[in-house]
Structures are given as C-alpha cells and as structure tokens.
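Just so we're on the same page: letters track the sequence lines, and every chain starts at 1.
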Amino acid sequence: MESEVKLLSGAMVTLALATATLVIMPYMQLDDVKASPGLKPYTAAELRGREVYIANGCLYCHSQQPRSQAQTPADFKRGWGRAPVAGDYYYDSPPLLGTMRTGPDLFNIGARQPSADWNLGHLYQPRAYTPGSIMPSYPFLFDVKAKADPGDRVVNLPPGYAPPGEVVVARPEALDLVTYLLSLDHTYPIKNELTQGK
Amino acid sequence: MDTVTTLLLAFVISVTGLFIFIWSLRKNLFDGDPAAARVIFSEGEIGKVEEPALTPQQLASLQDTVGEHQMPEDPARAALMHKELEERLQADRSTSLVSFVFLSCAIVWLIIASSAGLISSIKLHQPDFLTSQAWLTFGRLRTLHLNAVAYGWCPMAAFGVAIWTIPRLLKTELVGGRFALLGCMLWNAGLIAGLGSIAAGFNSGLEWLEIPWQISILLVAGGALIALPLVYTLQNRRVKHLYVSIWYMGAALFWFPVLYLVAKMPGLHFGMEQATMNWWYGHNVLGLYYTPIALATIYYFLPKIIGRPIQSYNLSLLGFWALAFFYGQVGGHHLIGSPVPGWLVTLSIVQSIMMIVPVIAFSVNQHLTMRGHFKTLIYSPTLRFIVLGGMMYTLSSLQGSFEALRSINTITHFTHFTVAHAHLGLYAFFTLTMFGAMYFVMPRVMSWEWPYPRLIALHFWLVVIGFAIYFVGLTIGGVLQGLDMLDPAKPFMDSVRVTIPYLEARSVGGGIMTLGHLVFAFHFVAMALRYGPARIGPALFHKSAIAATQGA
C-alpha cells in the first residue's frame, strides 16, 4: 500500500460501518420505545440512591438483566424474574445491565427482599445474613454511636454483629441506596415486543 | 423485511465489499516477496540480527542461530548502507525524548494499575480487607485498576512505541514531537483527574467509560495532539511503500479519537442504545486501538530482530482489512440475553466468528516467518516476549470468537471466565508485546545498555508464571461458577463458594506478576540513572558488536 489517504479513508469506512450497525441503527430502532406500562419513574431519593449504587461500583458484581427462560430456566427459577424488555429501562440513564454475577441479579431485589432493615444490615455486614458471602461490607455508609439521636435510623443487626454498647446508624447515602434497591421491582406483566423472535 | 433476511443481506454485501476493497488495493495478491516487506531493512541488512537488549556475546550467539551475515563488499552498496544507517540514527535521535517521556509514564501507570488490581483481587476472597475508606471499596478500586490500565499503561506504552517506530518506518525524522509532549501532559492530567473522580465516587456508570465527560475533554485533546506528529511525519516520508506496521498504527491512532468522542458525547445516548454503544466502544477500544498497535509492533520487531522479511506481505494485507472490518462489529456479543434488538446480537456473533480470518492470517504469517528461527528465542528477550505475545493473540482471539457463541456464552457470561479472557488479550498479548518492544526501544532511546541482563530473564519468568497461574485458575473457577449458576437446584451461594480457591490462585498469580513489574520498573530506573555500560549508536556501528559478528 502506498497511499495514506486510501488507508485512512478505508479505515474510517470500516469504523463507520461498525458505528452504523452498533450505534446508529439501534438509535433509530429504539428511539420510540415507551416506558413499560406499570413502570414508575424514580423519585428523587431513588435517583440519589442510584448514584450511590454507581459510585460504589455495585454494577461490577450485580447484573440487572435476568435471562429468558429460552436461554436458561435457572434465572427465573431462582426468582430473579422474567426477561426484561427495552421499556423496562426507560428511566435508566445509563442502564445498569452489568456484566458479572459475583453476586445475584438485582432486577427484582425490591420484590424479593422488601425489608429495609435486612438491606441496611446487609450493607453494613453481608456475612451477618449470608455466611460465606464475599460482598464487601460498607462501614463508611454508617455511623457508630454510643446513643442514637432523634431522627436517626438505627440499623437492627443480628445478635453478635452490632458493636457492643453502641448503635449503628445509617447515613443518608445508605438510606438512599436502600430506597433505590427497594424500587427495583419489575414484576408487573409486559407485552413482549422487541425481544420476540430471539 | 424479517431479521434473518436483513442479516444475511448485510453480511453478504459487507463481505463482498471487503474483498472488492482488498482487490482494488492490490491486484497482484499472491506476489512472492514484495519490496514493501523489505522496506524496514537498510541496504545489505537482511540476514543481520538486531537486538539492542543483548550484550555483544549474546548478540553473536543470536547471529549464529540465523546464519552468517555478509556485509556488502561492493563500496557503493557499503556507502549506501552507511548512509541509510546514519539516517536511521537520526530518526532514533529525533524520537528519543518523546518516547522516553511516554514510556516512563507507562511504567508509573503499570505499577499503580498492578497494585490496584492486586488489592481488588484480594478483596474478592477477603471481603473485610480495607473496607473503612470509600475509595478503597472493591467497586471503586477495581474501576481504578481498569482505567489505569486502559488509559494509563496501555496507551502510554502504545504511544511511546508507535512514536519511536513510525519515523524508522518512514525513514525520516519525527516532525512535531512537541505536540506529542503537550498531548502527553494533557492526557496524564486528564487521567489523574479522572481516577481522582472515580475514587471520589463520580463516575458515568458505563464500563470502560467511567471517567466523567468533562474530564474526557482533556483526553480527547491530548489524543488529538499526540496524533499530529503522525500526520506531519507521514508528509515528510522518504519511503514509497507504507509498511504494514504503519497501516495498523496509523489507523489505530485515528480510530481511537473517533471512538472516544462518539462514546463520550454528552446527552446523545439513551436507554438500551446506550448499552449497545457501550459495547461498541468497549470492544473496539481493544480491537481497533490496542490490538492494531500491538500487531504493528510484532510486524516490525519480529522481522527486524531475526533479520528476515515477513513471509507473506499479502497475508498481512488480508489480515489488516479483515480485522478493520470484522472487529468493529463484534461488541454486541456482550449483550447476549439482554433486551437489545436480536439482529444486533446475531450480527455480532457472526462477525466474532469471522474474526478467525484475520487471526489465522496473522498467526500463519508469524509462524512462517519464525520457521527455522525458533532457536533465536533463547537469545533474544525482545523476541521471547513478542513471539509469546503473538501466540497469545491467536489464543485469546480464538477463545473470544467461541465465547461469543450463545451456547458457550450462556455458561461463561457473568462469570470470572470473562475476566480471565480479558486478561489473556490485554495482558498476555498486548502487555507482553509492549514489554518486548520496550526492551528493544529503550537502549536506542537512552543510548545505554540494560544494566542487568539477568533481570530481563527474571522479569520474563515472573510475569509468565504469574500469568499462567492467574489465567488457568480463573478460567476453571469461571466455568465452575457458570455451571453452578445454571443449575437452579443449587443455591446461588454455591456459585460463589466454588470460586474461592480459584480467586485465591488469581491473587497469587497477580502478586507474582506485580513482582515482575517491580523488577522491570527497577531495571528501567537503573537504566535511566545510567547504571551499567554505555552504548552508542545502532549495533552495526558498535565496535565490539561488529568485531563479535565478524569473529562468529
């Protein structure tokens, strides 16, 4: 090859093709996707919690996309829910699909584990609830005090896990994060549109 | 039109287009030994080994393995040879400062990235290790590791090697090196700010694109400035043929800014389209940026060291355009099973399998060029890193192609198997190749020999053994994890418990790799501080080397 113009224009054409198939065509096809009926927009607290979820990298261990029963029945049988459709992520920017399941899928964690107490305590010390869990504990989302002040949200931990003589109080970030987790409930029925024929 | 017809049609049209394109570029596709393959050698240089990381005695042994080399005796040819080597020396001098700055930054990021990776790895089996600070939590530290590798070590090493190689390939001096230096400063400033923001909890939530877009502007501006010298130097070239390494490096240095700019455009992407864009970027930054730079490195250094042109120049042409074409569209295989349009996933699976074409083209070419010369691996550290890196390219690409199949993806997706695969590509292929290139480049850049040759061997064996433990362990652990996850009769915790010994093995392997990096960094600093013997000019001009060669 002797011409750098041919080289670079050829290189740009192949990149343009890739961009057309993976970015522009999905852009056009998905542009008119509507929110799934039954999906509620996030509240301000849930959105703040979503930022805590992103900031601490929860998405690197937890997916939010149960697989279809055609691909594997396991996800549904574990109670992780039906396969999602594009409309389920209407309010998600960016969507937090995740690529790892070092921990379980969280697409319906709000329905599966609706207790705020459990979720708060589990963030403080996962091994208090799930022996052998390798999820990090998040002590920096909590304060440990001698006595709770008025308005404090005290975390009820299983016996033996609370620091002796002190109380564990959730910080606002922890409360927001749990509010977000409890909002993850996509158990409403859907009419399947985009995923059909897969 | 239904999905299958669209897909088949798009596929047929694109493959036809690809072949017409290659044909139009080169009608004499099966030419024996085109002049273009010999453009990297000076007059009378074919058959002469070049390996700056060796002592004169080792160099003589290396020359022995490829056979005796005759210096041109005809005075006119000898004069031409000296003129060409003098020009190469000029080219090397013009790049030494710029390359040194980039490669030094690369070493710093390598150490930072390895430490972050190692601590993250330990956290996966010691979950209560270092949890008191938010920035040390697994989710942030792991992201710091990825970004320090993806935007620190890899591009700094790639730029450093590319900027050093390009003037040699174009037989001219580097023009506009100060733009690259300015670009380097902007880039590193952006990266430091980006890592700081991730540590502080500000990140975009998209894998590989975590750095906030406000900071990304620095990386885009820096990257564009770094590409400028390529344009200026190309305009000043003194060669007619553009050698294969130039295609890969040139294309990569233009592909990356486009990819990054489109991906980081604020407010453009939405919903599921953002997910497809994310993997269009995530896979192309590997396929259209790191991979071509490393392949370009292999295509230059491998023939140069053994003093023999690459076997099939046309095979490399096919390899280049097939890579440019197929690799760009494979990203959708990360989204198998997610609610993106089905045709997109199928297209990506098809193109992933088609990637076998450029991979085999490269592997066959490398093997045929090395054939009969494998003994050189004993003597040349550069070659050892680069040849192993090239083999790992074949392995990781073939593994990647098969991982894209739905049946295999169902088991391996969402597991540590994918992490092992990613490291096979970016570490065993890209990083080992860059280590090899740096062993060749640095003596030229510094006009100084590597002070402690034994440390090179130590570095090699540490990273190879460390990586073998890492890869084998994590691959097995990933498969077991995937199988447990697919069995609904087993509780989810089984898929976690089964991985623990393998995660521990990964920490051991990663620790050994990090140790190897520390050895390399120490050696690099020792060289920069001028320990050990001096070396002036290229080996051919080096008195003792000539004496040794002639004595052999």
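- When the candidates Gly332(B), Ala489(B), Gly328(B) are compared by the number of heavy-atom contacts under 4.5 Å with chain A, Gly328(B) comes out ahead.
- With a 4.5 angstrom heavy-atom cutoff, Leu124(B) touches chain A via backbone and side-chain atoms both.
- Remark: the backbone N or O of Leu22(A) is paired with a side-chain donor or acceptor of Thr276(B) at under 3.5 angstrom.
- Looking at Tyr90(A), neither its backbone nor its side chain comes within 4.5 Å of chain B, counting heavy atoms on both sides.
- Interface summary for chain A: among Ala200(B), Ala275(B), Ser132(B), the most heavy-atom pairs under 4.5 angstrom belong to Ser132(B).
- The part of Ile500(B) that comes within reach of chain A is its side chain, from C-beta onward, which places non-hydrogen atoms under 4.5 angstrom from that chain.
- Note that CZ of Phe414(B) is 7.0 Å distant from CG of Asp75(A), once rounded to the nearest 0.5 Å.
- Considering only heavy-atom pairs separated by less than 4.5 Å from chain B, the leading option among Arg50(A), Met12(A), Glu51(A) is Met12(A).
- When side chains are defined from C-beta on, Leu7(A) does not count as touching Phe254(B), because their heavy atoms never get closer than 4.5 Å.
- Contact of Leu59(A) with chain B is made through the side chain alone, with heavy-atom distances under 4.5 Å.
- The nearest pair of heavy atoms linking Phe138(B) to Cys61(A) is CE2-SG, 3.7 Å.
- Residue contact with chain A, scored on non-hydrogen atoms closer than 4.5 Å, involves the backbone of Asp484(B) exclusively.
- Only the side chain of Leu96(A) comes within contact range of chain B, judged by heavy atoms closer than 4.5 Å.
- Minimum heavy-atom separation, Leu268(B) to Tyr27(A): O-CE1, 3.4 Å.
- With values rounded to the nearest 0.5 angstrom, Leu141(B) atom CG is found 12.0 Å from Tyr60(A) atom OH.
- When side chains are defined from C-beta on, Ser93(A) counts as touching Gln274(B), because their heavy atoms get closer than 4.5 Å.
- Residues Thr19(A) and Val258(B) form no side-chain contact, since every pair of their non-hydrogen atoms from C-beta on lies 4.5 Å or further apart.
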Self-check item: Working for side chain to side chain contact (heavy atoms under 4.5 Å, CB included), residues Ile336(B) and Arg67(A)
Solution: CA-CA 9 Å; Ile336(B) 296 173; Arg67(A) 291 181 279 195; over 6 Å; no

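- Taking every heavy atom of both residues into account, Glu4(A) and Leu242(B) meet most closely at N-CD1, 3.7 Å.
- Interface remark: of the candidates Asp88(A), Thr102(A), Leu141(A), Val52(A), Thr102(A) forms the most heavy-atom pairs closer than 4.5 Å to chain B.
- A 4.5 Å side-chain heavy-atom check between Thr14(A) and Trp255(B) finds at least one atom pair inside the cut-off.
- When heavy atoms are compared at a cutoff of 4.5 Å, Thr72(A) approaches chain B solely by way of its side chain, counted from C-beta outward.
- More than 12 heavy atoms of other residues, nucleotides or ligands shown are found within 6.0 angstrom of NZ on Lys145(A).
- Neither the backbone nor the side chain of Leu130(B) comes within contact range of chain A; no heavy atom of the residue lies under 4.5 Å from a heavy atom of that chain.
- In terms of non-hydrogen atom pairs under 4.5 Å with chain B, the most contact-rich of Pro104(A), Ser68(A), Pro66(A), Ser133(A) is Pro104(A).
- Atom CG of Asp92(A) sits about 7.5 Å away from atom CE of Met272(B), to the nearest 0.5 Å.
- In this structure, chain A has a heavy atom under 4.5 Å from the side chain of Thr143(B), while its backbone stays farther away.
- For a residue to count as touching a neighbouring chain, one of its non-hydrogen atoms must lie under 4.5 Å from one of that chain's; by this rule Ser204(B) touches chain A with the backbone only.
- Looking at Glu210(B), the atoms closer than 4.5 Å to chain A (heavy atoms on both sides) all sit in the side chain, from C-beta outward.
- For Asn278(B), no part lies near chain A; criterion is any non-hydrogen pair under 4.5 Å.
- For Val419(B), the part sitting under 4.5 Å from any heavy atom of chain A is the side chain, from C-beta outward, and nothing else.
- With hydrogens and angles ignored, the 3.5 Å screen pairs no side-chain donor or acceptor of Arg140(B) with any backbone N or O of Gly57(A).
- The closest donor-acceptor contact from the side chain of Arg406(B) to the backbone of Gln71(A) lies at 3.5 Å or more, if one exists at all.
- Contacts between Arg497(B) and chain A at a heavy-atom distance below 4.5 Å involve the side chain alone, from C-beta outward.
- The heavy-atom pair separating Pro488(B) from Lys77(A) by the smallest distance is CB-CB, 3.7 Å.
- For Met493(B), the part lying under 4.5 angstrom from a heavy atom of chain A is the side chain only.
- With a 4.5 angstrom heavy-atom cutoff, Asp31(A) touches chain B via backbone and side-chain atoms both.
- Listed options Gly201(B), Gly139(B), Pro127(B), Ala252(B) were ranked by heavy-atom pairs under 4.5 angstrom with chain A; first place goes to Pro127(B).
- Arg101(A) has its side chain out of reach of Thr415(B): every pair of non-hydrogen atoms, C-beta onward, lies at least 4.5 Å apart.
- Only the side chain of Phe270(B) comes within contact range of chain A, with heavy atoms under 4.5 Å apart.
- Every pair tested for salt bridge (charged side-chain N to carboxylate O under 4.0 Å, His left out) that includes a residue from residues 10-25 of chain A fails, sequence neighbours excluded, so the list is empty.
- Proximity to chain B is limited to the side chain of Arg127(A), based on heavy atoms less than 4.5 angstrom apart.
- Trp279(B) touches chain A through its side chain: at least one heavy atom from C-beta onward sits under 4.5 Å away, while N, CA, C and O do not.
- Contact annotation for Tyr53(A): neither backbone nor side-chain heavy atoms come within less than 4.5 Å of a heavy atom of chain B.
- In this structure, the portions of Asn56(A) lying under 4.5 Å from any heavy atom of chain B include both its backbone and its side chain.
- Counting non-hydrogen atoms of other residues, nucleotides and ligands closer than 6.0 Å to CZ of Phe202(B) gives a total of 12 or fewer.
- Of all the listed residues (Lys490(B), His416(B), Gln126(B), Gln481(B)), the one sharing the greatest number of non-hydrogen pairs under 4.5 Å with chain A is His416(B).
- When each of Val496(B), Thr499(B), Thr410(B) is scored by its heavy-atom pairs under 4.5 Å with chain A, the top score falls to Thr410(B).
- Annotation for Pro339(B) and Tyr89(A): closest pair CG-CE1, 3.4 Å, computed over non-hydrogen atoms.
- Neither the backbone nor the side chain of Gln351(B) comes within less than 4.5 Å of any heavy atom in chain A.
- Note on Gly271(B), Gly482(B), Gly250(B): by heavy-atom pairs under 4.5 Å with chain A, the leading option is Gly271(B).
- Nearest heavy-atom pair across His413(B) and Thr99(A) is CE1-O, 4.4 Å.
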Quiz item: Could you go step by step and tell me if His125(B) and Ile134(A) meet the side chain to side chain contact (heavy atoms under 4.5 Å, CB included) rule?
Solution: CA-CA 6 Å; His125(B) 49 86; Ile134(A) 56 171; 5.7 Å; no

